[in-house]
Amino acid sequence: MSLEGNYSPDEIEKKWYSYWMEKDYFKSVPDDREAYTIVIPPPNVTGVLHMGHMLNNTIQDILIRKARLEGKNACWVPGTDHASIATEAKVVKMLREKGIKKSDISREEFLKFAFEWKDKYGGIILEQLQKLGASADWSRTRFTMEEKLSKAVIEVFCDLHKKGKIYRGLRMTNWDPEAQTVLSNEEVIHTEENSQLFHVRYQIVDSDEYVTIATTRPETILGDSAVAVNPKDERYKHLHGKKVIVPIANRAVPIIADRYVEMEFGTGALKVTPAHDMNDYDIGQRHDLETIDVFNANGTMSEAAGFYIGKDRFEVRKLIVKDLKASGNLVEIENYRNKVGRSERTNAVVESRLTLQWFMSMKENSKEAYDAVNNGEVKFFPEHFQNMYNNWVKEENVRDWCISRQLWWGQRIPAYYIGDDIIVAPTPEEALQQAKEVTGNNDLTASDLRQDEDVLDTWFSSWLWPMSVFDGFESQEELAYYYPTNVLVTGWDIIFLWVARMIMAGYEYSEQLLGAEFVEKNGKFPFADVYFTGMVRDSKRRKMSKSLGNSPEALELIERYGADGVRFGMLSSGAAGNDIIFDAPHDEKTKKTLSESAKCQQGLQFCNKMWNGLKMLRGLEITTEKQSDEIENINQLAMKWIEEKYEETLAQIERQYETYRLSDSLMTLYNFIWNDFFSEYLELIKPAYAKKADGENKQLPLSQAAYDHAIDMYEKFMTILHPFMPFVTEEIWHQLRERKAGEDCIVSTYPKAKAYDKELIKKVDAAIAVISKVRSYRSERGIKSHLPLKLFIKNTEGAQVLLAEDGLKEAIAKRATIGEFTVTDSKDIPDTVSFVIGTEQFFLELPAATIDKVAELKKAKAELARLTGMEKGSLSKLGNERYVNNAPPQVVAGEKKKLADTQAKIEIAKEVIRKLG
RNA sequence: GGGCGAUUAGCUCAGUUGGUUCAGAGCACCUCGUUUACACCGAGGGGGUCGGGAGUUCGAAUCUCUCAUCGCCCA
């Protein structure tokens, strides 16, 4: 690969990814090393890569790559989720396009189509993750509905049933009329929507009087069984026990008194529809009311409604309003905002419906899950998600988990019915055997048993993921090595759907599978840490989604900026746990979000910067001859300093990793590489140009020692940066020097942080400040950067200490273009301006015409005022006994030092003013 | 209705148990520079009463209370 031109990621990324795959670097098999394990949050099998995946998987990849570099046995298990509702919906749609109706084919035929579909489109998202650089062990790719994992799900169902934790019952449930299945509470998204509140009057039986109720759902009037008022409500006391006529339906229903009714809401009278509202159902139970289900499964009006039969519920809302108006029973329509529950998957408005379903009791498991997080066995990052978690999982709030779904795509519930008996068994054969025992009839055959038609909730398979991907339910060999996993990286939106339930499964099964001794030693939890990523949002803070069209195309971003650039962009967009605002611009004309990003661009520019730095180093002439003392001194200082800076950076990054502050780590590293390594270090060692005898301007050579050192440093931070930007680092790693087989950045050694020399760093910081000050004067006065200037430093103890550092003086001279740099005892040097760095005073000689005495005086006076204020503050603090006695000694000592420094600076400022004025 | 979180520079955000110059970073912006790695660059610069108010403290961006605005979770 030539080093010409700018860095172009495309080819390089392809090359290294296939190289890593060939070398099997992502593969993990149990050995005697420490394991570092992450299981992927399995994306939907038919999904395509979106911004959320990129963020999430970038973070997982960083953690895995770092662990690998640290010599751990890093194992990242990829896979996909069968996503029953979403996938079934897609397959149904695909079949419809082929002219096939789901109702016309058998379960077996449907599943055949579904598996064909899955085989065709199922792997796409995983291939896309590879483009991002994900170093998952692809040989371990799992699927929640594959045979082994399904077997585990069925076993778990039977086991929990045996333990009495799974039961079947008739409950008010959430019904998705589009998918035509029941949903768990967690799959219903409640949002505020604009709607209307209809005031409808019901006539009192045998009276001219009416009672007016307010409802957002007039179409359910046909299912009314009562009108309820608050018992304390004076307005309606005279109506208790009377009856009213339900409009349209023309049925008489009782007026009942129930404390649930809020007197202030609407008219204070509530229509009660036990079949279609959770609260109404409860009222119905209390008052023994009739339950009239007026909807069919698909959300159209049922026979029981008696009117509008077969029409959709929202169409009926309009019709019924019209009819109510015509009969004079519509009193008022009020605009209103109310919470509407929609299906997470189909976005259909969810109906409450009384259905017979399978549930899992949450009582015991939720308590364990609560304790796990609250006693610190499982740690959340950021911590505050613990509050949200506790709120859901605590005993008084948690509700039983509805686990059956009226779908075909999923694990079929292993429950078999014969007469009134329910047999739960892992296989039909075992079910038959049990049925014979239960009924006492030995002549039963398989056809006498009817298996439950429903499948299990997708999450009922994903909650086992950290165990089932290691085949933990059939053999414990791998599980014992990889379990518990180290960290789970996921979005906070599935904290209840998934995270809480995996914790429950961990506590339910780890001991059962691995034994008491194992869990005693290693813990029952499925993961030690949970890193919650934020949601990726657009500039209006809306969640990025396909339907809104507000998301850039993930793959286009990778094409444009390279995976490294995109990883950089994702990471620098926001801190852990916070939602991240992704800065993709908007095309005003087409209203579309462009697949562009300034932050990803910055990432690509960073790659380019490193690329060009390498180019420069490689282009230098190298010599083994001894250089001038001046050059040797500068090089020595630069080398010493960058090593200390490197150690400082490393220590900082390590601290940030511990709390998963990965964006901070990347920025720390970015600053080190760009500012310290390139802008300071490399500029310090870079040889100057000199006129040769023939008049040609030629760059001097660089000493071999300095070159080798630069390459060493470069190599070191390639390893540190590798987890964040794997491709560019691997490429540069190989460009830095000839490599033997297997000597690759991805498997290089991550260094351990060491102590570093803070004093040296401070001294060089001061030197950099001097250089910056000189340049600032040049910039203000329009003095060319290559015109040498004279610089003086006042001879003090501090100055001696500073200049005792070999090379420091020369370094300042080189970087600030100082012709003469002299230590002076004089207080007054003509044609100079004076400035203070730290506590040292410097005088910079400038062309007389460029010195503005008035401005200098003004500056000096302002400085004096600032310093005097600071002195006053320090004096009052130190004069305060309570401060001196209460504040920690090092703080007081610091304050004393600050005062002394301030006072020294005040003297200098006064001196400067005296001279000028 | 119950709960959680946020409010710091034009934008996106840090600020680690209250304490050394703590008011920061990146981007954006302004000025200058086409010097020989990189204009996807270099040098320099401007910019915030830390949402308002009160309190605790020797000391508050940080702790407490309160108000305001915004976001989220669960009913």
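Hydrogens, waters and symmetry mates play no part in the numbers below; they use all other heavy atoms, side chains included. Computed from a prediction, not measured in an experiment: that's the story for all the values here. Every chain is numbered from 1 and lettered A, B, ... according to where its sequence line falls, protein lines coming before strand lines.
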Peer 1: Could you check whether A:Thr668 and A:Gln656, counting side-chain N and O atoms only, form a donor-acceptor pair closer than 3.5 Å?
Peer 2: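 Yes.
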
Peer 1: Using the side-chain hydrogen bond (donor to acceptor under 3.5 Å, both in side chains) criterion, which residues pair with A:Ser874? Sequence neighbours excluded.
Peer 2: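 Result, side-chain hydrogen bond (donor to acceptor under 3.5 Å, both in side chains) vs A:Ser874: A:Glu895.
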
Peer 1: Tell me every residue that passes ring pair (Phe, Tyr, Trp, His ring centres under 6.0 Å) with A:Tyr707, counting only those two or more places apart in sequence or in another chain.
Peer 2: none

Peer 1: Regarding A:Glu186 and A:Trp392, is there a side-chain donor-to-acceptor distance under 3.5 Å anywhere?
Peer 2: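 On atom types as modelled, these side chains qualify, holding a pair under 3.5 Å.
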
Peer 1: So, A:Glu648 and A:Gln652: side-chain donor and acceptor under 3.5 Å apart, yes or no?
Peer 2: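 Side chains of A:Glu648 and A:Gln652: no pair found under 3.5 Å.
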
Peer 1: Which protein N or O atoms sit under 3.5 Å from an N or O of nucleotides 72-75 of chain B?
Peer 2:
from	atom 1	to	atom 2	distance (Å)
B:rA75	OP1	A:Arg399	NH2	2.3

Peer 1: Could you let me know what B:rG10 is paired to, Watson-Crick or G-U wobble, both distances under 3.5 Å, or none if it's on its own?
Peer 2: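 Pair assignment: B:rG10 / B:rC27.
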
Peer 1: Under 3.5 Å for both donor-acceptor distances, Watson-Crick or wobble: does B:rA61 have a partner, and if so which one?
Peer 2: none

Peer 1: Please tabulate the protein-to-nucleotide N/O contacts below 3.5 Å involving nucleotides 8-10 of chain B, giving atom names and distances.
Peer 2:
none

Peer 1: Using side-chain hydrogen bond (donor to acceptor under 3.5 Å, both in side chains) as the criterion, list what pairs up with A:Gln285, not counting sequence neighbours.
Peer 2: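 In terms of side-chain hydrogen bond (donor to acceptor under 3.5 Å, both in side chains), with neighbours along the sequence ignored, A:Gln285 is linked to no residue.
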
Peer 1: Between the side-chain atoms of A:Gln699 and the base atoms of B:rA37, is any donor-acceptor pair under 3.5 Å?
Peer 2: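 Donor-acceptor pair under 3.5 Å: no.
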
Peer 1: Any donor-acceptor pair under 3.5 Å linking the side-chain atoms of A:Tyr260 with those of A:Asp282?
Peer 2: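 There is no such pair between these side chains.
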
Peer 1: Any side-chain N or O of A:Lys609 below 4.0 angstrom from OP1/OP2 of B:rC41?
Peer 2: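 Answer is no, no contact under 4.0 Å.
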
Peer 1: Quick one: what's the B/S/- string for nucleotides 25-32 of chain B, heavy-atom cutoff under 4.0 Å, read 5' to 3'?
Peer 2: -SS-----

